Each structure stands twice: as C-alpha cells, then as structure tokens.
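Just the heavy atoms: all of them, side chains too, but no hydrogens, waters or symmetry mates, feed the values below. As the structure is a computational prediction, the values presented were derived from the model and not from experiment. Per chain, numbering begins at 1; letters A, B, ... match sequence-line order.
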Protein chains: 2
Amino acid sequence: MRGNLFAVAVDLVVLTVRDGALCVLLRERTAPPFAGEPALPGGFVQAREDLLDAASRELAEIGLAIEGHHLEQLASYAAPDRDPRGRVLTVGHLALVPDLPEPPGEGAWTPVEKAGDLAFDHSRILADGVERARAKLEYTTLAAAFCPAEFTISQLRRVYEAVWSTEPDPRNFSRKVTSTPGFLVPTGEKVSSGRGRPGQLFRRGPATALHPPMLRDHAGLPA
Amino acid sequence: MRGNLFAVAVDLVVLTVRDGALCVLLRERTAPPFAGEPALPGGFVQAREDLLDAASRELAEIGLAIEGHHLEQLASYAAPDRDPRGRVLTVGHLALVPDLPEPPGEGAWTPVEKAGDLAFDHSRILADGVERARAKLEYTTLAAAFCPAEFTISQLRRVYEAVWSTEPDPRNFSRKVTSTPGFLVPTGEKVSSGRGRPGQLFRRGPATALHPPMLRDHAGLPA
DNA sequence: ACAATAGTGTCTCTTAGACATTATATT
DNA sequence: AATATAATGTCTAAGAGACACTATTGT
C-alpha cells in the first residue's frame, strides 16, 4: 500500500444549555499554532485507539465523565492546509451534556452565538455540530440528553427553545412529548422550580426516535 | 505535536436503482489483503488532496463522471485492526447515481440485499450508507439523484419503492411530490414507457428539503 | 376492443397549531 | 390574597392514507 501519512485527531463539539442559551465548551490554546485563540477541545488518537474511544477519553480528560452523555461522530475534516504543522485529519465529534453545576476542568461555556472565530477550521466544525444537534431534535428524543437524569417537561421545553430559538406552545409541546411512547417515564415525584405549582419529574425512556417528528419552522435549510 | 501516523483512504458506497432493486457498486479485490473478496471501491488520499476531492477522483476513475452526481461524506472508520497492513483510517462516502445504460468500468452492480460479507469493515460502511440514503429520502429531494436528468413521477416512485421496500400509493405520492414547491420542474414533454399512457417528464428543481417529510413506516429504527 | 399506465378527485382520520381554564405551589 | 408555574381540554386547519374514476397510449 502507498498513501501519504496523516496525524489523526479528534475534536469535540460539547454542547449544553445554560441560562436559556445553547453553549459550547471552548478552550484557549496555550501552544502554537493559534496560541491564545479559542478552540474546540481535542487531541490526537493514540496507537491502538478507535475514534469513539479517543473522543470518550478526551471528554473524560475535560472532566466530563461519560455517565450517559451522548457522544457521536460528526464528520472528518482534512483540508491540506488546515493545520500549519502538517497533514492532520480531524474527526469531529458531537457531545451533548446536561447543564452542570460546576464548570468543567479547563475551558469555558460560551454561547454558540458569541463563539466568534475559532482556531483551525473549528468554526466550521462547530457549525456542523450545532446544525446536527438542531436537526436531531426534530426526529429523535435527544433533547433529553441536555437534561439531568430527572427533569420536568418545562426543562425539556427550554432545551428546544434554546437550541431552536423558538417558543413552542407549552400545552402542545406537553401533549407531543407525553404522547410519544417511551420518551418520558414518570417518576411520580414532583419538584418545585422556585415559584408556582411543582412539575412532575420524568426520566428518559427507551425511545430514541420521535414519530412523527417535531418539526421546527424550516426556511431554506441545508439538506 | 505528537500523534501516531495513519494512512487515510476514501471508500465509496455508490448506490443506484436497477430493475427495482437498490444496488451497490462492488469490485473484487485483486491484491492482498482480502484478495478475491468483494469490496467497496476506494483508494488513498493523495498529498494535497481534500477528502471530497479524493472521493470525486475515485468516482471518476471508476468511470462515473461527476455530472450532477450526489456525493457526500458518510463517516470515518479507524478500528485499530481494520486493515492488516497497518493503521488505516478510511472516510466512507455516499454517492447516488442514476441507473446507467452501460455498467461502469470495473466492478459490478450488486443488490444490497445480496452483497454478503465484504472485505475489511466494508459491510458496516455499506450498511451505514444504505441507512443514510433511506433516511435522506424522507426529508430531502434526494430521490431524484437516482433518476436521469429527465424523469417521470413513476420513475421517481420506483426509487422510493426500491430504497424503502414499500409501495406508496401512486396518487398520494404524486400529490406529495408535485405539491412540494421546487421539487419537480415540468419540461412539457411526455415519454412512453412501452405500454400505456405516456407520463409527463420533469427535471430536478432547486428544492433540497422536503417539508413536511415523507415518512416511511418506522419500526424500531436507530436514532 | 382491450390492456396497461398516467393523472385527478374525494373522503376520512390523525396530528399540529391556536387558545382558555383549572390546579397547586410560593410569597 | 396575589402571583407564578403546571396541567388539561377543545376547536380548527392541514396533511396522510385509503379509495374510484377518467384519460391516453400500444397491441
């Protein structure tokens, strides 16, 4: 076999919902290239490591244990000049995590709208990750991945509001998610959100698909 | 930077519809490893080549000029032992082409149901490609990529029948596709399909998304 | 004439979307 | 008591699914 050799990295688009905004975990680069600029967390794939394993390891190194976090491969990026050090292919991954009380080790949660320009081609990877998350909320139950183990329907609705920048009708939303078998499992407990009537608590059910899907308003989206 | 080095390849899942069956282009391997076994066409990424460019080149080398063929990245595969020659990462790509009068240079169209075991992890890549194509027919206008430049609604319907193994109602199907703005552009011409009333010819329109989507019957599909 | 395919119309049922009211908590 | 949030019910409109008929070709 003859092929040019590449270094292979994994980069992570770690998304969460904080204060009503979809946020991404960014780290400031400490070493060249792009020192001082914000970038996605990531690292090189090790000798006998598969891609998802490498991404899981990076996630753990950030301080995000893998307890039920959603992690999936996004896409690969290998433009010849994307890294000034040489030929590097990176496999972007998408991770969805609940809003954490404490911020993860290094790095800061940044609203995706304010992420600005990132190092390398990370802005593109981020955009792809955000679009993937937005699309998947339509036809999967993945919104619950942004919620803690137990959550209310309001919390789940706020995820959709943050990710889609829409405000679905609370009553219709409730009807939709509760009528999808296996989406939500009631715990029987209730929790007060400070003021007002306490909401019922749910866990994630076994369902992964949402049928029929919950459609956002589409206006000229990419295929 | 320190990372282990990989050879990087692109592999192609080239799909078409022939005789009512979804078919994939397979080549028999001539050299080890897996000599004599069927495999997806593919090759190594060259020195200053990006991934899609490499996939386009491979497609051209097969004899499939890129005139409007659909080509997209699928996913990357890098299990440590997937290639006995050493560490090889492959980026799977999905190509959708119309049924061609002449078969492409080397390789043979094989119904995906009869593909059997392929070399390397190509069976997995094929399965991912087929599932991607099936899913995309739901919410995009991509079915037209399986049709020639001009086609009838019946031809388009036969694409759905082959890819989904369903038989949508011709009248409902027609209503759906003609009522989606920008999906089909009538040419004003008609064509006879041997017997019966000739059908009207259409071209692909500018629309890429299908809203609302055309839902297939879902029964426990992966997310 | 007959067979085969194309194209159109109607009815029903499900579901999304809009909207008002009642229930239960905190202050 | 006042306020804030949760939960439920009803109406309407749009679209999917089932179905019957007419239209235009080749044999």
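Using a 4.0 Å cut-off between charged nitrogen and carboxylate oxygen, Arg132(B) and Asp128(B) do not count as a salt-bridge pair. Using a 4.0 Å cut-off between charged nitrogen and carboxylate oxygen, Arg216(B) and Glu131(B) count as a salt-bridge pair.
Between the P atom of dA13(D) and the CG atom of Leu215(A) lies a distance of 21 Å, rounded to the nearest Å. Rounded to an integer number of Å, the gap from CG of Leu184(A) to C1' of dA7(D) is 14 Å. In this structure, CD of Gln200(B) is placed 10 Å from C1' of dG7(C), rounded to the nearest angstrom. One interatomic measurement links the two molecules: CZ of Phe173(B) to P of dT8(C), which rounds to 15 Å at whole-angstrom precision. Atom NZ in Lys190(A) sits roughly 12 Å away from atom P in dT26(C) (whole-Å rounding). As rounded to whole Å, 18 Å separates atom P of dT8(C) from atom NZ of Lys176(B).
If you check residues 148-172 of chain B against DNA chain D, the residues with a heavy atom closer than 4.0 Å are Asp169(B), Arg171(B), Asn172(B), listed by number.
How far CG of Leu215(A) is from OH of Tyr139(A): 12.0 Å, rounded to the nearest 0.5 Å. Note that OG1 of Thr110(A) and CZ of Arg18(A) are 10.5 Å apart. Values are rounded to the nearest 0.5 Å. Considering CZ of Arg29(B) and CZ of Phe120(B), their distance stands at 4.0 Å, rounded to 0.5 Å.
A donor-acceptor contact under 3.5 Å is formed by the side chain of Arg175(A) with the base of dG17(C). Side-chain N/O atoms of Arg197(A) and base N/O atoms of dA23(C) include a donor-acceptor pair closer than 3.5 Å.
Thr180(B) contributes no side-chain N or O that, together with a main-chain N or O of Leu210(B), makes up a donor-acceptor pair within less than 3.5 Å.
Taking the six-membered ring for Trp and thresholds of 30 and 60 degrees, Tyr160(A) and Trp164(A) have ring planes more than 60 degrees apart, a perpendicular arrangement.
The side chain of Ser193(B) lies closest to dA6(C) when the candidates are dA6(C), dA16(C), dA16(D). Comparing dG7(C), dT24(C), dT5(C) against the side chain of Pro198(A) picks out dT24(C) as the nearest.
Taking for each of Gly196(A) and Ser174(A) the nucleotide of DNA chain D with the nearest heavy atom, the 5'-most of the two is the partner of Gly196(A).
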